[in-house]
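Report on one structure; see the data block that follows.
The residues of the chain are indexed from 1 along the displayed sequence. Just so you know, ligand 1 is whichever comes first in the structure, and atom 1 is the first atom listed for that ligand. Computed over heavy atoms, backbone and side chain alike; hydrogens, waters and symmetry mates excluded.
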Amino acid sequence: MCKIPSQTGAGILEITLEFYKNLLDNLYDGVYFLDRRRSILYWNNGAERITGYSRSEVEGSHCWDNILMHVDSEGKSLCETRCPAWKSMEDGIPAEAEVYLHHKNGHRIPVNVRVTPIHDETGAIVGTVEIFRDNSEKLASLSLIEELQEKAFQDSLTSLPNRGYLGRYLLSKLDESTRYDWTFGLIFLDIDHFKAINDTYGHAVGDEALKMMAQTLVHSSRSFDTVGRWGGEEFVVAVVNVDWEKLSHIAERYRRMIESSTVITGGADIRLTVSLGATLACQGDTLDSLVKRADGLMYQSKLAGRNCVTLG
Ligand code: GH3
Ligand code: MG
Ligand code: MG
């Protein structure tokens, strides 16, 4: 036992065994002690909080006794052959692991576990102390990052893949087409006289028209084709497993589907048309050459009077 002056000036604070126990009991992190047989001899308040198991339910049992049953991120059991506490007891080396423990309510919780071997006065390992910390916050921030990455590739108005995504996707399709000699088609669509819709009905109705376009394109597409918003009132569709005839047929179907769709507004319902350019990727194409060709073909449709498809 040692004595140190109390910071509050209320007297001498005695550092007793009881003091250390209180300190451990009240740590926010979970702490438990395992002996060489991996029986749990000590379980603190933090461990109760994180796992839902009270001290009386746990102390005296083994860590694999239907209690914690650590698994890895694949859900595979660590207890029999890959228990971090057992390993640390064998080799005397502290270990750290990201594991999922079993909560009393049945669900799994991600925790960061640090295991340290404990020696007696002769230097023999008598057990390990395991300190674990709730890792959900870290995982939540990881899934937030994933969500942000997804959002970075999604157009916020129409929820379609945006130009950033489409660029990457088309590059990978071009790579595939060079390696395996599989071609694919690209259809470029541009709404006719869209500026007039904004000018006549307002920007909000223009936005509704873009959403309607996106919905019609998605619902008119085969599940393995990819529809995206290239920007403004321009959309593209990457069409796989096609020849010229199929590509022409698919582009013409989009044209008719859009022509027969309606933008529902508070007032008059609005009809739209699109001009389309459709091409097949060919050897030597780059992202730039492919998109420019489809865009140029779409422009020829504008010159030809709009609401039509040009193939090339
Ligand atoms: P064309 O038939 O030759 O394609 O004529 P257009 O009027 O469709 O073409 P233009 O390029 O002159 O106009 C495109 C318009 O699209 C102009 C722009 O304000 C509008 N626009 C672009 N993005 C959005 C958007 O997110 N929402 C709305 N409401 N309008 C947009
Ligand atoms: Mg345009
Ligand atoms: Mg336009």
Item to complete: Kindly state if atom 17 (C) of ligand 1 has a protein heavy atom within a strict 4.0 Å cut-off, that is, under 4.0 Å?
Response: no
Subject >> 4.0 Å protein heavy-atom contact status of atom 11 (O) of ligand 1, strictly under >> reply: no
Starting from [atom], locate the nearest protein heavy atom and write down its residue, its atom name and how far away it is, to 0.1 Å.
atom	answer
atom 7 (O) of ligand 1	Lys195 N, 2.8 Å
atom 5 (O) of ligand 1	His193 N, 3.5 Å
atom 3 (O) of ligand 1	Arg306 NH2, 3.0 Å
atom 25 (C) of ligand 1	Leu210 CD1, 3.4 Å
atom 9 (O) of ligand 1	Glu233 OE2, 3.8 Å
atom 1 (P) of ligand 1	Lys302 NZ, 3.4 Å

Which of the ligand 1 atoms, numbered from 1, are nearer than 4.0 Å to a heavy atom of [X]:
X	answer
Gly206	29 (N)
Asp192	2 (O)
Gly232	22 (C), 23 (N)

In terms of hydrophobic clusters joined by side-chain contacts under 4.5 Å, are Leu311 and Tyr254 together? yes
Worksheet item: Do you reckon Met257 sits in the same ILVMFWY cluster as Val218, going by side-chain contacts under 4.5 Å, direct or chained?
Response: no
Rounding to 0.5 Å, atoms OG1 (Thr279) and CG (Asp285) come to a distance of 7.0 Å
Donor-acceptor pair, side chain of [X] and main chain of [Y], under 3.5 angstrom:
X	Y	value
Ser88	Ala85	no
Glu48	Arg55	yes
His219	Gln215	yes
Glu59	Trp43	yes
Asn44	Asp29	yes
Arg306	His193	no
Arg271	Ser261	yes

Any heavy atom of Asp190 under 4.0 Å from ligand 1? The part involved is side chain
The answer for which part of Arg229 has a heavy atom under 4.0 Å from ligand 1 is side chain
At a cut-off of 2.8 Å, protein N/O/S around the Mg ion (ligand 3) gives Asp190 OD1, Ile191 O, Glu233 OE2
Practice task
Output, in order, the C-alpha distance, side-chain angles, deciding distance and verdict of salt bridge (charged side-chain N to carboxylate O under 4.0 Å, His left out) for Glu233 and Lys195.
Solution key: CA-CA 9 Å; Glu233 24 75 270; Lys195 191 170 175 304; over 6 Å; no
Discussion item. Tell me whether Phe194 has any N or O atom under 3.5 angstrom from an N or O of ligand 1.
Written reply: yes
May I ask you to establish whether Arg114 and Phe132 are in a cation-pi arrangement, using a distance under 6.0 Å from NZ or CZ to the six-membered ring centre and at most 45° from the ring axis? no
Judged by heavy atoms only, the candidate from Asp207, Ile191, Asn198, Leu303 nearest atom 20 (C) of ligand 1 is Asn198
Residues at least two apart in sequence or cross-chain that pass side chain to side chain donor-acceptor pair (under 3.5 Å) with Tyr42, listed by chain then number, are Asp25
